Amino acid sequence: MDIVIESVIEMISGIRTWADRVVTGVRDYLADPIEFSEFYTLAVRWVFPVLAAAIFVRCVLPLLRDRGSGRIWGYLEIRDAYRIPVLHWENSIGRSKLSDIVINLPFVSRSHAVLSYGESGWNITDLASKGGVRVNGEKIEKSGKVEFGDTIAFASAEFQFLPPEEGPENSIRRKSRLDLIADLGRNLTAGKTFLLVLAFQLLGGIQILLSMGEEAELRILYIFIILAAAECVCYFILSKFSRKFRELELMIFFLCGLNLLVVSVSAPDQLTKQLVAILLGMIVYCGIQLIIKDVGRGRKLKYVLVACSIVLMLLNLAIGETRFGARNWINLGFITFQPMEFVKVAFVLAGTATLDKLLTTRNLTAFIGFSGACIGALVMMRDLGTSVIFFVTFLVIAFMRSGDLRTIALISAGAVLGAFFVVMFLPYIASRFEAWGHVWEFSDTIGYQQTRTMVYAASGGLLGLGGGYGYLVGIPASDTDLVFGILCEEWGLVIALIAVFIIVFLALLVLFLLRGCKSSFYAISACGAVSVYLVQTALNVFGSLDILPLTGVTLPFLSNGGSSMVVCWALLAFIKAADERQRPDRTESGREPEEITEEEGV
Amino acid sequence: MKLLTRRAFGLLILTLLLIAGLLLFGVRYALDASSWAHYPVNKHLYHNGILKTAGKIFDRNGEILLETVDGIQKYHEDKAVRMTMMPAVGDSHGNIATSLQVAYGERLSGWDPVNGAFRFDERISGFGSDITLTLDAGLCTAAYKAMNGRKGTVGVYNYRTGEILCMASLPTFDPENRPDVEAAPEKYEGVYINRLLSGVYTPGSVFKLVTAAAAVDNLENIEDKIFECKGEMIIDGAKVTCPTAHGSVTLEQALAVSCNTAFAEISLDLGGNTLQKYAEKAGFRNPLKVDGIRTAAGKAEISDAKGGDLAWAGIGQYSDLANPLNLMAYVGAIANGGVRVTPELIKEDGIFSVLPGGGVQEKRILSEETAQRLGAMMRNNVKEVYGESNFKGLELCAKSGTAEVGDGKKPHAWFVGYLDREDCPLAFVVVVENGGAGSKTAGSVAAKVLKETVKKIRNEE
């Protein structure tokens, strides 16, 4: 009984102490009230991560829909009995299960032919098959034209090539395992998601403005308003003129918003430049998509860009300026840019090929040569990070091009190349590797940036300290190399991770959509582009956190940098081109497209 | 495109590597974010290496031992209190690893994983980041004064609740007027070590409490046995001596007069393994953690000792090294019927403190009988040898130790024990470095401190 009374008395006194503290606190507050900006930050730091998570989920779910659907471009019909839909612009035909059209009949080779659609209409290419290919009875050498109505024979198997149907039956719908998850998002509209993105950006802009206190420049708010307006225009164009899902662009708008939120604190005088870069990027994005809509035009673009790249590289080596140890800037007086960023676009295109070329020309010398030139130039410019990006992308693209034993030889060649530039870089690399894993021992010298990133990232906690209240922005090159840390510090770990997950999701999306690509041209360029994103992200984020040595590469979309921003949008065009799906509101209404089971074959 | 989908394998690997890296970061963040944030260059929390705003540190009576106002630290107004409490509270530069400013820096700074270093208006941020100690600043200061400038430590704690009431370690200095420690290395030897928590000394005869416990548990009829002390004993060529020949003594008498030859015989009978086991009960090798702060492990390498070494080990010499806090807890166990209560420094004011017996960490290390017998022997020590008049009214049970350290230096003076009173259930330890005779030197310090403590407790009731 005594114990109970004692406990109760102790509890009461505990409550009294607490109440005293509250009263003192309130009294102190009234004596010197807190500004509105502090209240704003207090409230809004809970809103931002929730908005970001909502935007992320609302974009990811719809993009996982309809994986298995695609347009039918024609049919191969066997003797009025069974017809196989032609689903891509390039279709490999053969007995192998990996063929797009599997024909399991005698005398058909494993990899027999490729039926492809190009500038001059449909073509059939013979892949050195045993049984040969005949069009309307005539044997074709290497490749020949076909038209709807023609009879195509693979060894002794004869098919009629028929045109696709008009109307809603010109596409198919396959069930995909991810449909279960994607269905959760079936009622999500892109419009509302877009509003969330705009809300985030405007609230964020106000946060930055308030954090500047008396030095606030209204100019910053105007920049965000212009960004919002540009995004609205872009969204409108997408809605009107494109049939594809808009969520991809919405995610990138979100990242661009974060970019401006970072730059407005770290380098407000560069804010206009960055906004112009974003606008330019959007234009380039739309432009490239229009150009590569036609594969033939895309191929021409490839040659143009490769030629320009070589000029840029020579120019860089001749008149390039050195910044932060790497000689990768060109200064034209009114503008400075990084040429090697633009070369990335050419590089990704340089590796692509249509399926017929891919399966016939085993020769990769041109691509290897160009890669060697790029990496060689980077070595001479001492840009360690970008050379790694090119090298890894090279491996990814080369493997996609050739596929098998050949790759082992290529990788060996690559390894030799790799060893070569390690030797070239020795004194330069040595200092990076010395600090790697031990940054705390060198916290005031070569480990300075990484340790500060970790210190300030941890200060942000999950919710962040509020835009404009960070210290990491004060460190040189933090808004390019340490931008992940700035996001953690000011916007919180949740938002920083979501931003990086968006880039990871882009990679998963490409892998997800590969099946449905019309042409291997789009497939390979998408993989190349996303590979660039991945390696850059890994080097940037892990370098700043001492998981990898620190190299000076930018984080896609998020780092401050005009060239980087424009080029990221350009690469995004290739990723978008891999997406063949149509929005539900844009397919022709009425009947359901015909359903087809997984295994297609005869 | 099936072919290409297959060949995009490389891209998949790249993606998985990126995800793996992010997971690695996540794990590192979960484990280390706190220490990253508390790196002294962090401008959100620190200014010139010192926390900008921090919770206050109070003693058990609400005296402010440390507060940070506008980035400036203010310690207690009284210089003696400042100096006494410095080992517990810490100096402003984080030199004392076991001090609260270092060990509890995160709690004081108010950082947490969700909000990071966010502060909503500096003034209201003190919520929840204050710390109240169980120490009584007045008692600690009394202990400090009783030590009279000699190096060593004093510890007093409640062996039922675990609260440490007094913790003093010398040498020390005034954190508000930092002297040039490097210029006087003799004077400030080990000034950054809190000797109660992190000090290790040769225990000398206080180790006999361990040996005696082992004897009572393992040797039959040990309390009836008569030992013949002739003043010296030769074991395998090594000599064990007593200051005088004690003649015929029982175990109880041997403990009271601290007869080395008797205990040498006991150690040999017990053997190294058993003695080692009992040493580890007393915290040797498995030191306690006081509110998460590590104490020193001490040293006891007795398992393999034989002959003369084993004998000396059982007497508290050989290579034995004891940490005062761990010995104090051992004595507290003897007082508490064989159940050792882990000492603590921080007063719990959470919900657990309201529950009866809540929040106390305890472990049984001796049987109740053994504890009672040892306790009786220790009471006998005081009555027969140390003098009840020196410790009037305390109901003291104790053991002294005079630990030889060689090199022509005076031995360390130890005095450990407890008060067998329900209203003041206190266990204590006093070490005076190179202080000479245990009961005289350390004992007189203990007497002063304990009397003061009892007076305070009685006055509070």
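Keep in mind it's a predicted model, so treat the numbers as computed, not measured. First the proteins, then the strands, lettered A, B, ... as listed; each starts at 1.
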Review item, side-chain donor-acceptor pairs of residues 29-40 of chain B, under 3.5 Å, at least two apart:
residue	atom	partner	partner atom	Å
B:S34	OG	B:E106	OE1	2.6
B:S34	OG	B:E106	OE2	2.8
B:S35	OG	B:D32	O	3.1
B:H38	ND1	B:S34	O	2.7
B:H38	NE2	B:S109	OG	2.7
B:Y39	OH	A:S443	OG	2.7

Review point. Where the side chain of B:K363 meets the backbone of B:R340, is there a donor-acceptor pair that is under 3.5 Å apart?
Key: no
Review point. Do you know which two heavy atoms are closest between B:L135 and B:C140, and how far apart they sit?
Key: CB-SG, 4.2 Å
**Study point:** Options A:V541, A:L508, A:L534, ranked by heavy-atom pairs under 4.5 Å with chain B, top entry
**Key:** A:L534
**Study point:** Most chain B-contacting option - heavy-atom pairs closer than 4.5 Å, from A:V510, A:N91, A:V4, A:L462
**Key:** A:L462
Review point. After noting the C-alpha distance and the side-chain angles of A:R45 and B:N115, does the key distance pass the side-chain hydrogen bond (donor to acceptor under 3.5 Å, both in side chains) rule?
Key: CA-CA 10 Å; A:R45 64 199 292 266; B:N115 288 296; 2.7 Å; yes
Practice item. Name the option with the most non-hydrogen atom pairs under 4.5 Å to chain B; the candidates are A:L465, A:T41, A:L463. Key: A:L465
Review point. Would a line drawn from the ring center of B:H44 to the ring center of A:Y469 be shorter than 6.0 Å?
Key: no
Exercise for review: Count the heavy-atom pairs under 4.5 Å between each of B:D112, B:L17, B:L3 and chain A, then report the option with the highest count.
Suggested key: B:L3
**Study point:** Contact class of A:F484 relative to chain B, heavy atoms under 4.5 angstrom
**Key:** side chain
In a table with atom names and distances, give each donor-acceptor pair under 3.5 Å that connects a side chain of residues 517-525 of chain A to protein atoms at least two apart or in another chain.
residue	atom	partner	partner atom	Å
A:K518	NZ	A:E580	OE1	3.3
A:S519	OG	A:E90	OE1	3.3
A:S519	OG	A:E90	OE2	2.4
A:S519	OG	A:F521	N	3.0
A:S520	OG	A:E90	OE1	3.2
A:S520	OG	A:A353	O	2.5
A:S520	OG	A:L355	N	3.0
A:Y522	OH	A:I292	O	2.6
A:Y522	OH	A:K293	O	2.9
A:S525	OG	A:F521	O	2.9
A:S525	OG	A:Y522	O	3.2

Review point. Which heavy atom of A:I503 sits nearest a heavy atom of A:P556, and at what distance?
Key: CD1-O, 3.9 Å
Exercise for review: Under 4.5 Å heavy-atom distance to chain B, tell me which part of A:Y456 shows up: side chain, backbone, both or neither.
Suggested key: side chain
Exercise for review: Identify which part of A:S459 has an atom lying under 4.5 Å from any heavy atom of chain B, answering side chain, backbone, both or neither.
Suggested key: both
Exercise for review: Using non-hydrogen atoms and a 4.5 Å limit, figure out which bit of A:S96 sits close to chain B: side chain, backbone, both or neither.
Suggested key: neither
Study note, to complete from the structure: Under 4.5 Å to a heavy atom of chain A? For B:I19 that would be side chain
